[in-house]
Amino acid sequence: MSGNLLLDAESLYLELLKGVRTMLTPETRLVGITSGGAWLAARLQKDLGLAGEAGSISSAMHRDDFAKRGLADGGVTKLPFEVNGAHIIVLDDVLYTGRTIRAVLNELFDYGRPASVQLAVLVDRGGRELPVQADFAAARVALPASQSLALAKAESGQFNFSVKG
């Protein structure tokens, strides 16, 4: 694979918007994983014309590598709605091993028992270590384990990806 993977994050966002629109019910609440997923959830909340604000959730406290990572860049969980009985779509920028999703589900259930939880991501890069899959992925790409894919948000609100490694 060449070192130049080009992913148009804005085009993928439009695909995500379409995909999430098909998943919505009147009881749906959006929750983004800090930080990239939270950016996506906030923008989707607005672009879909949903009332209220999207939630954000941190995986920091439930990580299986917490002792190594600590709270660095963990963000704060903010769920501005009742979790019990809600249909929740968790949003993330990149799905990789599944460990962040496992931690986020533990965090979510600390706040209540949702009726359902679905997962929508911009990019599924494979490499799963846990049995986790997205209900919707705007793109699927293969990257070597030595590379990482990160979503960035410009001051204008536009998204872009960077590949490191």
- Indicate whether the side chain of T25 and that of H87 have a donor and an acceptor atom separated by less than 3.5 Å.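 No - no donor-acceptor pair under 3.5 Å links their side chains.
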- Message: Hydrophobic clusters here meaning ILVMFWY residues chained together by side-chain heavy-atom distances under 4.5 Å, can you tell me if L149 and Y96 are in one?
- Response: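 No, no single cluster joins them.
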- Joint hydrophobic cluster, V123 plus L44, side-chain heavy atoms closer than 4.5 Å: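 They do share one cluster, since a chain of ILVMFWY contacts under 4.5 Å joins V123 to L44.
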- Message: Please check this pair: side chain of R125 against backbone of T97, looking for a donor-acceptor N/O pair closer than 3.5 Å.
- Response: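 Flag not set: sc R125 to bb T97 has no pair under 3.5 Å.
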- Task: Would you check if the side chain of D92 reaches a backbone N or O of L95 as a donor-acceptor pair within less than 3.5 Å?
- Result: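 Here the side-chain-to-backbone pair does not exist.
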- Sequence-distant partners of R140, salt bridge (charged side-chain N to carboxylate O under 4.0 Å, His left out), two or more places apart: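 In terms of salt bridge (charged side-chain N to carboxylate O under 4.0 Å, His left out), with neighbours along the sequence ignored, R140 is linked to D124.
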- Query: Of the non-hydrogen atoms in A138 and L12, which two are nearest, and what is the gap between them?
  - Reply: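 Heavy-atom minimum between the residues: CB-O, 3.4 Å.
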- Over all heavy atoms of both residues, which pair between I89 and V20 is shortest? Give the atoms and the distance, please.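 Minimum heavy-atom contact is CD1-CG1, 4.1 Å.
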- Task: May I have all residue pairs that pass ring pair (Phe, Tyr, Trp, His ring centres under 6.0 Å) and include part of residues 114-165, sequence neighbours excluded?
- Result: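 Residue pairs passing ring pair (Phe, Tyr, Trp, His ring centres under 6.0 Å), neighbours aside: Y13-F159.
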- Message: Please evaluate residues E82 and R113 with respect to the criterion salt bridge (charged side-chain N to carboxylate O under 4.0 Å, His left out), reporting the C-alpha separation (whole Å), side-chain torsions for both, the decisive distance (0.1 Å), and the verdict.
- Response: CA-CA 10 Å; E82 176 64 41; R113 187 177 189 283; over 6 Å; no
- Message: I need the T28 OG1 to Q118 CD distance, nearest 0.5 Å.
- Response: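 Separation between the atoms: 7.0 Å.
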- Query: With a 4.0 Å cut-off, would you call E53 and K78 a salt bridge?
  - Reply: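 Here E53 pairs with K78 in a salt bridge, since their nearest N and O are under 4.0 Å apart.
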